[in-house]
*Asks:* 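Input: one structure, supplied below.
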There are 2 protein chains.
Amino acid sequence: MSAKNQELSERKKLILKTLVEAHIEGGEPVGSKYIMQNNLLSCSSATIRNEMAELEQMGYLVQPHTSAGRVPSELGYRFYVDSLVEQYAKTSREVVQINQLLKAKMAEIDQILDTASRLASSMTNYTGIAIKPKASSVTMTKFEVVSIDEHTFAMLMITSAGTVKTKKVKILGEVREESLRRLAELFNGCLCGLSADMITLPIIMELENAMGEDAYLINPAVKSVYEVMNEIDGGEMRLSGINHLLKYPEYSDTQEFGQLLGTLESQDEILDLVSNSENDDINVLIGSESPVKVMNNSSLVFKPIKKNGRTIGVIGVLGPRRMNYKQVLQTIGEITESISSIIDGEAPINELAEKGEYHGGE
Amino acid sequence: MSAKNQELSERKKLILKTLVEAHIEGGEPVGSKYIMQNNLLSCSSATIRNEMAELEQMGYLVQPHTSAGRVPSELGYRFYVDSLVEQYAKTSREVVQINQLLKAKMAEIDQILDTASRLASSMTNYTGIAIKPKASSVTMTKFEVVSIDEHTFAMLMITSAGTVKTKKVKILGEVREESLRRLAELFNGCLCGLSADMITLPIIMELENAMGEDAYLINPAVKSVYEVMNEIDGGEMRLSGINHLLKYPEYSDTQEFGQLLGTLESQDEILDLVSNSENDDINVLIGSESPVKVMNNSSLVFKPIKKNGRTIGVIGVLGPRRMNYKQVLQTIGEITESISSIIDGEAPINELAEKGEYHGGE
DNA sequence: TTTAGCACTCGATAATTTCAAGTGCTAAAA
DNA sequence: TTTTAGCACTTGAAATTATCGAGTGCTAAA
């Protein structure tokens with residue numbers, strides 16, 4: 001691909017860039033005349049026409065029909081984006097704003113992601129996506145059991161990812177405090193560090209033996225553990241600002257938009273797509289570069305958020321192929337950075353956020 | 001309103017009913033000829049035309065233009081729905097199915113509602129809505145504190161609604177087990193049964209005094225309590241199957257649909273609407289009966305779910321004005337009933353669901 | 001009170017025309 | 001060799017017109 005880029009003369013690059021940006025702006029095919037006017041180069045529309053004809057032959061542009069201007073092809077967008085990625089800068093002022101917003105809403109990762117999705121949407125005017133990806137191996141690091149009433153108790157579990165989960169468990173028989181204490185002790189001793197598929201029947205039976213007459217507690221309790229593991233494992237996705245998309249004429253085909261919506265809602269395809277990405281930096285999928293069919297007229301920009309080398313979330317933006325890549329790349333970069341700094345930095349965010357004592361430090 | 005119904009002759013009722021159902025089915029204006037064919041009455045189209053003209057004058061029907069058939073007005077739908085409400089029956093077979101689906105996904109109310117929303121959507125082919133309404137006064141009934149690492153601990157709270165909530169709290173200084181135990185004790189003693197606005201500064205200061213040298217724990221801990229109360233209080237809404245709506249031509253205006261989507265996403269208007277409803281049975285808002293402007297071309301059917309007299313959730317369906325009220329009323333009724341029976345019945349759902357040992361009771 | 005018959009209405013669809021933006025190409029200019 | 005002005009040509013979008021038929025209201029007879 002970069003080999004091809006070499007072939008482009010500076011003038012072609014400038015024309016391509018101008019055209020892409022004009023099309024992103026207006027959404028309609030761009031003609032030679034327009035480019036002549038909004039371009040630093042001093043040459044006539046005829047010259048530009050010739051260049052455009054060549055750019056089309058090289059695959060960077062597409063002509064919807066003979067008597068129309070030209071539109072960037074996917075290759076054209078790709079070139080534009082690639083030439084952009086190296087150079088997008090951070091406006092530190094905005095970063096601080098994002099930081100503050102996110103910290104105000106601080107909480108567990110789930111809520112941060114949700115807020116971030118809304119943020120991404122409102123800042124870009126496209127659809128924001130926040131994803132908690134499928135994590136293949138969650139384990140528990142600590143158990144605690146609390147009684148609620150005579151038939152119910154709650155299991156509190158701290159996961160290897162550092163999040164806290166609770167499950168309510170109802171039991172036919174009566175629940176005694178003493179039994180619960182033993183249950184917690186037992187789980188802490190036997191189940192910590194085990195992943196879902198390592199909790200096998202023999203282990204469960206062993207637990208039941210150890211519990212003696214209170215063995216009936218084990219089964220529902222273990223089930224809760226399983227459930228929590230699956231919840232975390234399952235991945236989840238939050239969309240916001242879907243309505244923004246409808247402003248763009250590329251989504252005016254109701255049928256098509258409905259399919260897109262359905263796919264987004266069912267989540268699994270996007271989750272797979274994102275989870276399988278190996279690129280830890282910003283990913284940009286332009287049109288048919290995405291394996292998801294209904295997204296072939298859209299572009300998806302996303303970036304994983306890492307903590308200790310593990311992906312704990314993904315923030316992204318979905319919009320028309322002619323999305324404002326410059327802005328989107330920048331926004332996503334800023335947001336993910338903010339989240340990382342909040343999560344990584346072990347600063348007690350609770351207190352800082354509380355009193356607004358944020359001194360601009362990282 | 002019921003006075004007006006009296007005025008309708010049996011034949012008019014039958015014609016109205018046939019017309020409404022035909023329009024729900026096909027979405028297009030219904031002519032006298034069609035009604036003549038699909039009607040048990042034996043009279044000519046001319047007679048029906050006369051009746052229809054009268055029905056229009058009475059406000060039950062509307063003519064899009066002179067040379068078209070007729071369409072039910074909101075009053076027409078209202079009459080149809082009202083005459084329906086008394087008589088919709090339960091297909092017990094379906095109830096059992098719903099029960100099983102919900103129990104399989106059993107868990108806290110949040111998850112049940114989410115599942116129910118999906119269920120409502122897939123069963124009706126409209127958009128399913130699940131709402132956790134704004135609850136004005138939540139209190140805590142029990143606190144538990146668990147240490148996570150030297151700077152972090154988790155607060156577990158059981159709310160008056162019976163749900164379990166956790167919050168992670170980070171502290172600048174070090175966290176000692178002993179301090180946490182005292183913190184829990186203190187909170188259980190002083191904060192149980194208090195609503196958010198009853199936790200005043202004097203109380204907090206008293207807590208700080210009681211904690212002595214560990215007073216620095218109080219502030220962030222109390223903040224977590226506040227947060228939990230607000231989270232619960234805040235209300236939340238889950239939509240599913242928005243894409244279904246796009247199948248109906250009444251949502252083909254992209255602009256309008258976008259606005260609807262935006263309103264739905266921002267949640268607050270719908271939350272207000274639902275929270276303020278005083279009708280504990282099934283609510284049916286037809287078109288402009290809803291105070292939300294963008295929903296004036298839609299209908300909203302919803303029903304609160306009660307536990308001990310408190311509304312703990314709302315399940316609903318949003319669709320075009322010509323929604324299939326019969327089916328929707330029935331489905332919503334069934335789903336809410338299922339949820340109620342699961343929540344009310346203190347049966348240990350965990351175990352039943354696990355082994356599929358559901359013997360069709362209830 | 002019902003019904004057959006008929007003239008009339010009016011939106012939806014199709015067919016047609018108009019318009020202008022934009023192109024490609026050629027020949028002259030740089 | 002490269003650039004540019006000029007012009008004929010293409011073609012979709014928008015505007016205009018024609019056609020069609022479902023459905024109506026009304027009248028007069030049953």
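We use all heavy atoms of the structure for the numbers below, so side chains are in, but hydrogens, waters and symmetry mates are not. Order of the sequence lines fixes the chain letters, A, B, ..., with proteins taken first and strands second; residue numbering starts at 1 for each chain.
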*Asks:* Kindly state which residues belonging to residues 16-28 of chain A come within less than 4.0 angstrom of DNA chain C, counting heavy atoms of the residue only, listed by number.
*Replies:* none

*Asks:* Check this for me: Lys293(A), atom NZ, are more than 12 non-hydrogen atoms of other residues, nucleotides or ligands nearer than 6.0 Å?
*Replies:* no

*Asks:* Given pairs defined as Watson-Crick or G-U wobble with both distances under 3.5 Å, what dot-bracket annotation applies to DNA chain D, with ( ) intrastrand, [ ] crossing, | other strand and . unpaired?
*Replies:* ||||||||||||||||||||||||||||||

*Asks:* More than 12 heavy atoms of other residues, nucleotides or ligands under 6.0 Å from CZ of Arg321(A): yes or no?
*Replies:* yes

*Asks:* Name all residues meeting the ring pair (Phe, Tyr, Trp, His ring centres under 6.0 Å) criterion together with Tyr248(A); count only those two or more places apart in sequence or in a different chain, and write none if there are none.
*Replies:* Tyr126(A)

*Asks:* According to ring pair (Phe, Tyr, Trp, His ring centres under 6.0 Å), who are the partners of Tyr325(A), at least two apart in sequence or on a separate chain?
*Replies:* Tyr77(A)

*Asks:* Where do Gly128(A) and Ser117(A) come nearest, in terms of heavy atoms and distance?
*Replies:* O-OG, 3.3 Å

*Asks:* Tell me the interatomic distance from Glu54(B), atom CD, to dT1(C), atom C1', rounded to whole angstroms.
*Replies:* 12 Å

*Asks:* Can you tell me if CZ on Arg322(A) sees more than 12 non-hydrogen neighbours from other groups inside 6.0 Å?
*Replies:* yes

*Asks:* Quickly, which of Lys13(A), Lys326(A), Glu21(A) forms a side chain to side chain donor-acceptor pair (under 3.5 Å) with Tyr80(A)? Name it, please.
*Replies:* Glu21(A)

*Asks:* Over how many whole Å does the gap from Glu51(A) atom CD to dT2(D) atom C1' extend?
*Replies:* 11 Å

*Asks:* Please assess Ile315(B) against Ile129(B) for the test side chain to side chain contact (heavy atoms under 4.5 Å, CB included), listing each intermediate value before the final yes or no.
*Replies:* CA-CA 6 Å; Ile315(B) 294 295; Ile129(B) 301 182; over 6 Å; no

*Asks:* Please state how far atom NE2 in His65(B) lies from atom C1' in dT9(C), giving the value in whole angstrom units.
*Replies:* 9 Å

*Asks:* Figure out the CG/P separation between Leu41(B) and dT1(C), and round it to whole Å.
*Replies:* 16 Å

*Asks:* Measure the shortest side-chain to side-chain distance between Leu285(B) and Ser299(B) over non-hydrogen atoms and say whether it is less than 4.5 angstrom.
*Replies:* no

*Asks:* Could you run down the sub-3.5 Å N/O contacts of the protein with nucleotides 23-26 of chain C?
*Replies:*
from    : atom 1 : to       : atom 2 : distance (Å)
dT23(C) : OP1    : Ser32(A) : N      : 3.4
dT23(C) : OP2    : Ser32(A) : N      : 3.4
dT23(C) : OP2    : Ser32(A) : OG     : 2.7
dG24(C) : OP1    : Arg70(A) : NH2    : 2.6
dG24(C) : N7     : Arg49(A) : NE     : 3.1
dG24(C) : O6     : Arg49(A) : NH2    : 3.2

*Asks:* Sort and list the pairs that fulfil salt bridge (Lys or Arg N to Asp or Glu O under 4.0 Å) and have at least one residue in residues 38-51 of chain B, not counting sequence neighbours.
*Replies:* Arg11(B)-Glu51(B), Lys12(B)-Glu51(B)

